[in-house]
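When a residue number appears, it is its place in the shown sequence, counting from 1.
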Amino acid sequence: MDDIFLIEIRLARTKWRVSEMTFGIADSFHVKQHMERHPHITLFGPLVLKNGYGSRTLLATVGRVARQSLPVPYLIDGFEQREGMHGSVIAFPVLPSDSLRYLTSRIAEELSVISVSQNAWDEHPEKKWFHVTVANRLTQKKASEIFTALTSPVPAAGPRNIPPRGIGPKILTAFSRIIPFRKQPVAFLPPLIDDAGLRITVMKGQQILAEYDLVRRRWIMNAELKDIRSWQETISWYRRQAGFEVVRPAGPSGEEIFVIADLHFGHANIIRYCSRPFLFSDAQIMDEVLTRNWNCTVGPGNQVYVIGDLRYGSQAPPARQYLKNLQGSVTFIRGNHDSRDLGAVPSAVLEYDGFRFLLVHDPADASAGFDGWVIHGHHHNNDLRSFPFVNIAGRRINVSAEVTGYVPVALGELCAIIRSRLATGNNEPILLRYPYVR
C-alpha cells in the first residue's frame, strides 16, 4: 500500500457534521466496517507512479497546479447510491463549483504524465462523480436497502439511533436538528450544506504525505500537519477571503435598518452544529469576529433587530455584556434561548420601501393570515431546502447568521432582492446570502 497515492480534499467546515451523520448511518444499518472514517472528495487516484518518478515529483506536480487555485467551493446535496470499483457505494453527492472542476481537470492532466491511476474515471475528468463516501464495498442489496431508507419520506424501519459520540443529554435537542436521536425508526434529513476545499491532501498508503494549503499557498508537512495553530491560521485567512470576517467598515449607512438572527455568542457547540468557519475551541475568536462584523456594518445611528438567540450557553457572558460592544439601537425579538432581561418582544411588523415584514424568531409562529414577508431565524443552515436565505414562493427570509455570512443584513438589500425577483418572475430560492459556488 505504501506505493499507492491518493489526491483528495478533506472537508473543512462541514467535517464534524458529515462525520457524525456518516457514523449515525453506519451504526443504524450495521455497516460500520464499511464506513468512510475521513470524509473527503477524491480529486485523482488511487495512483501508482511510473518508473523514474518519486514522491518529490508528485508533490511538485500537484503544487504547480495548486498554486494557480484559490479555495474551491462546493455544495453537499442529499444522498446517492452508485456502483463503485469494489461494490456498491452510498455517498453524499457534491455539486462542484467551476473552480473545483477546473482544479480536478488540471490535476488529472498533469498527473497522467507521471502516474497510472487505478480509477478508470480519471481518464474522463469531465464526467467525474464528485461525492463524499458514507460507506463502500457494500452488496447491491444492502446499498439499496440503505438508500431506500435514507430517501424515504417515512422514517426508515430498523434499529434506533444511539447518542452520537461525545454528545451529552444537555445538547441532544440542538443536535437532533442534524441527526435525529429517537427511539423510534431512524430518519436522516438529506444534507444541503456548503463548504470549500482549503487544502489538497496527498495520501501515501494510509498516511498523509503532505497538504497544499490553497489559502496560504504553501505545503504543510511533517509536524505542522498536526499543529492546531496552523489550521487556525488557514481558517482565519479563509474567513477574510470569503467575506465571513469583515476587516474594513462599510461606510455610512444612513438611516438603514438591519436584521440578523441566531448569533449565538459564546456558544462553542454551534461551531460544529452549523459548520461555522472556526475551530471548535475558538468560541472567543468567533465572538470577536461577530462583533467586528456587526460594527463594520452597523453605524451608531442605525436600528438593528436581533431576531432571537443573541447568546447561548452557561459559559457565555451575559447578553448585556455583548450589547455594550455592539453599535446601533437594538430591538430584540424573543428567541428560544434568550434571557428575560432583554425586554424582547414576541414579534414585530415593519413597513419599509413598499413592503410589509413580520419579524419572528420561529417562522412556525407567524400568523397564517399575514400578507407580507416573514423574516425569521431559528433554523440556522440546517434545512436550507425548506428555509433558504430567500424563499420567494413562500415569502420567507432566513437571516440566521450562518445564512447571511455572519453579517447583519440591511432591509434595503432585502427589498431590492424581492423587487428584482418579482420583476423577472424568478421564483428560485436563494440558498445563501453569499455565493457558495464561485
Asp282 and Gln232: side-chain donor and acceptor closer than 3.5 Å? yes
Looking at Phe244, does the NZ or CZ of Arg239 lie under 6.0 angstrom from its six-membered ring centre and within 45 degrees of the ring axis? no
Looking at OG of Ser19 and CG of Leu11, how far apart are the two atoms once the value is rounded to the nearest 0.5 Å? 7.0 Å
Relative to each other, are the rings of Trp121 and His124 parallel, tilted or perpendicular (30° and 60° limits)? perpendicular
How about Val306 and Ile333: do any of their side-chain heavy atoms sit closer than 4.5 Å? no
With no hydrogens and no angle check, do the side chains of Arg240 and Ser236 hold a donor and an acceptor under 3.5 Å apart? yes
About how many Å separate CG of Leu422 and CD1 of Ile392, when rounded to the nearest 0.5 Å? 6.0 Å
Of all the heavy-atom pairs spanning Asp122 and Gly45, show the shortest one and how long it is. OD2-N, 2.8 Å
Please determine whether the number of non-hydrogen atoms from other residues, nucleotides or ligands lying under 6.0 Å from atom CD of Gln207 exceeds 12. no
Looking at Asp287 and Gly266, would you say the former's side chain and the latter's main chain have a donor-acceptor pair under 3.5 Å? yes
Any donor-acceptor N/O pair, Glu80 side chain to Ile90 backbone, under 3.5 Å: no
Val409 versus Ile260: any side-chain heavy-atom pair under 4.5 Å? no
Pair Glu8-Leu43, side-chain contact (heavy atoms from CB on, under 4.5 Å): steps then yes or no: CA-CA 5 Å; Glu8 64 185 32; Leu43 300 181; 5.6 Å; no
Do side-chain atoms of Arg276 reach the backbone of Ala268 as a donor and acceptor pair under 3.5 angstrom? no
Heavy-atom pair of closest approach, residues Ala210 and Trp219: CB-CE3, 3.7 Å
Measuring from atom NZ of Lys226 to atom CD1 of Ile208, what distance do you get when rounded to the nearest 0.5 angstrom? 9.0 Å
Check the surroundings of atom CD in Glu288: do more than 12 heavy atoms from other residues, nucleotides or ligands lie under 6.0 Å from it? yes
Flag the pair Phe92 / Phe79 as yes when their ring centroid distance falls below 6.0 Å, and as no otherwise. yes
Whether the Ser88 and Glu83 side chains hold a donor-acceptor pair (N or O, under 3.5 Å, no angle test) is what I'd like checked. yes
Which of these passes salt bridge (charged side-chain N to carboxylate O under 4.0 Å, His left out) with Arg218: Glu211, Glu224, Glu233? Glu224
Please answer whether the main-chain N or O of Pro96 pairs with a side-chain N or O of Arg101 as donor and acceptor at a distance below 3.5 Å. no
What I'd like to find out is whether the side chain of Thr104 reaches to under 4.5 Å of the side chain of Phe130, using heavy atoms alone. yes
Decide whether Glu110 and Thr61 meet the rule of one side-chain donor and one side-chain acceptor closer than 3.5 Å. no
Within-4.5 Å side-chain heavy-atom neighbours: Arg292 and Glu245: yes
Roughly how far apart are Ile228 CD1 and Ser281 OG, rounded to 0.5 Å? 4.0 Å
If you take the centroid of each ring, where Trp contributes its six-membered ring, are Phe357 and Trp373 closer together than 6.0 Å? no
Using side-chain contact (heavy atoms from CB on, under 4.5 Å), reason through Asn427 and Arg421 one step at a time and then give a plain yes or no. CA-CA 7 Å; Asn427 284 337; Arg421 288 302 186 95; over 6 Å; no
For the residue pair Tyr434 and Asp194, confirm or rule out a side-chain donor-acceptor distance under 3.5 Å. yes
Donor-acceptor pair, Asp262 side chain versus Ala401 backbone, under 3.5 Å? no
Given 3.5 Å as the limit, does a donor-acceptor pair link the side chain of Ser112 with the main chain of Glu109, or not? yes
Sub-4.5 Å side-chain heavy-atom contact between Glu36 and Val134: no
Would you please classify the geometry between the His267 ring and the Tyr312 ring as parallel, tilted or perpendicular, with 30° and 60° separating the classes? perpendicular
Minimum heavy-atom separation for Thr297 and Pro408, please, with both atom names. CG2-O, 3.8 Å
Could you verify whether a donor N or O on one side chain and an acceptor N or O on the other, from Arg216 and Ser230, lie under 3.5 Å apart? yes
Side chain Arg217, main chain Arg67, donor-acceptor under 3.5 Å: yes
What closest approach, in Å, do Ile7 and Ile200 show between heavy atoms, and which atom pair accounts for it? CG2-CG2, 3.7 Å
Side-chain donor-acceptor contact under 3.5 Å, Ser105 with Glu126: no
Nearest-0.5 Å distance that lies between atom CG in Leu432 and atom CD1 in Ile193: 11.0 Å
With a 6.0 Å cut-off (strictly less than), is the heavy-atom count around CZ of Phe280, excluding the residue itself, greater than 12? yes
Do other residues, nucleotides or ligands put more than 12 heavy atoms under 6.0 Å from Lys142 NZ? yes
Are the side chains of Thr22 and Thr133 in contact, using a 4.5 Å heavy-atom criterion? no
Whether the Asn119 and Ser117 side chains hold a donor-acceptor pair (N or O, under 3.5 Å, no angle test) is what I'd like checked. no
Okay, side chain of Asp195, backbone of Thr14: is any donor-acceptor separation there less than 3.5 Å? yes
Quick one: closest heavy-atom pair of Asn398 and Gly377, and the distance? OD1-CA, 4.0 Å
Please tell me whether His361 and Asn336 have a donor and an acceptor in their side chains that are separated by less than 3.5 angstrom. yes
Examine Phe387 together with His376 and report whether their ring centres are nearer than 6.0 Å. yes
Could you tell me whether the side chain of Glu413 reaches within less than 4.5 Å of the side chain of Arg433, counting heavy atoms only? yes
Could you tell me whether Arg199 sits above the aromatic face of Trp231, with NZ or CZ closer than 6.0 angstrom to the six-membered ring centre and within 45 degrees of the axis? yes
Do the non-hydrogen side-chain atoms of Val360 and His378 ever get within less than 4.5 Å of each other? no
Can you tell me how far apart CD1 (Ile4) and NZ (Lys204) are? Round to the nearest 0.5 Å. 12.0 Å
Strictly by modelled atom types, are Tyr273 and Asn382 linked by a side-chain donor-acceptor pair under 3.5 Å? no
Test item: side-chain donor near acceptor, Arg17 and Ser275, under 3.5 Å: yes
Dump the intermediate steps for side-chain contact (heavy atoms from CB on, under 4.5 Å) on Phe389 and Ile417, then the final yes or no. CA-CA 11 Å; Phe389 171 47; Ile417 292 171; 3.9 Å; yes
Chi angles and distances behind the side-chain contact (heavy atoms from CB on, under 4.5 Å) call for Ile270, His380: CA-CA 10 Å; Ile270 203 70; His380 297 258; 3.7 Å; yes
Quick check against the 3.5 Å criterion: does Arg13 have a side-chain atom that pairs as donor or acceptor with the backbone of Lys15? no
Shortest non-hydrogen contact from Tyr74 toward Ala12: OH-N, 4.4 Å
Report yes or no: do Thr291 and Asn325 form a side-chain donor-acceptor pair below 3.5 Å? no
If we ignore angles and hydrogens, is there a donor and acceptor under 3.5 Å between the side chains of Asp383 and Ser386? yes
